[in-house]
Amino acid sequence: MIDTRQHALIKDGEKLDLGSTAYKLLLYFVKNPQATLTKDELINNVWQEKTVSESTLYKQVQRLRTLLGDTAKRKEIIFTVHGIGFVF
């Protein structure tokens, strides 16, 4: 569950601290379920006016995967579309 008042993710009754960028990224994924979101689209909508590298995006996606329970062998929540972006 996403607590929009506290900008937090609640998982198994526990509040997980996402940080502001991971929270914005999660909200963007949730608002666009099952859509293939390009790396540029994610960067432009999450970081808006800031210039960031793709590696920064990858780090935030990895952080979300870990918090949501995805593992290296079992990715069931955030899927990589190689060369394009991600699907939530």
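Every value quoted in this text rests on a predicted model; they were computed, and no experiment measured them.
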Under a 4.5 Å side-chain heavy-atom rule over Ile, Leu, Val, Met, Phe, Trp and Tyr, are Y28 and V30 clustered together?
yes
About how many Å separate OG1 of T56 and NZ of K50, when rounded to the nearest 0.5 Å?
11.0 Å
Distance in Å, Q62 CD paired with L67 CG, rounded so as to fall on 0.5 Å steps:
10.0 Å
Ignoring hydrogens, what is the shortest heavy-atom contact between D70 and I78? Give both atom names and the distance.
OD2-N, 3.0 Å
Cluster overlap L37 with I2, hydrophobic side-chain contacts below 4.5 Å
yes
Give me the atom names and distance for the closest heavy-atom approach of A22 to R63.
CB-NH1, 4.0 Å
Closest non-hydrogen atom pair between F79 and R65, with its separation:
C-NH2, 3.7 Å
Is there a path from L25 to I84 through hydrophobic residues (I, L, V, M, F, W, Y) whose side chains come within less than 4.5 Å of each other?
no
Between atom NZ of K75 and atom CG of L68, what is the distance when rounded to the nearest 0.5 Å?
13.5 Å
Would you find more than 12 non-hydrogen atoms of other residues, nucleotides or ligands less than 6.0 Å from E76 atom CD?
yes
Residues which pass side chain to side chain donor-acceptor pair (under 3.5 Å) with T71, listed by chain and number, not counting sequence neighbours:
none
Would L26 and V87 show up in the same hydrophobic cluster when neighbours are defined by side-chain heavy atoms closer than 4.5 Å?
no
F88 vs F29 aromatic rings, parallel, tilted or perpendicular, using cut-offs 30° and 60°?
parallel
Let me know which of D17, L9, T4 forms a side-chain contact (heavy atoms from CB on, under 4.5 Å) with Y23.
T4
Let me confirm one number: the CZ-OG1 distance from F86 to T36, rounded to the nearest 0.5 Å.
11.5 Å
Distance-minimising heavy-atom pair for V46 and K24:
O-CD, 3.8 Å
Report whether L64 and V81 are members of the same hydrophobic cluster (ILVMFWY, side-chain heavy atoms less than 4.5 Å apart, transitive linking).
no
Let me confirm one number: the CD-CG distance from E41 to L57, rounded to the nearest 0.5 Å.
11.0 Å
Within this structure, what is the CG-NE2 distance for the pair L27 and H7, rounded to the nearest 0.5 Å?
8.0 Å
More than 12 heavy atoms from other groups under 6.0 Å of NZ on K59:
no
If the condition is side chain to side chain donor-acceptor pair (under 3.5 Å), which residues does Q6 pass it with, not counting sequence neighbours?
D3, K15
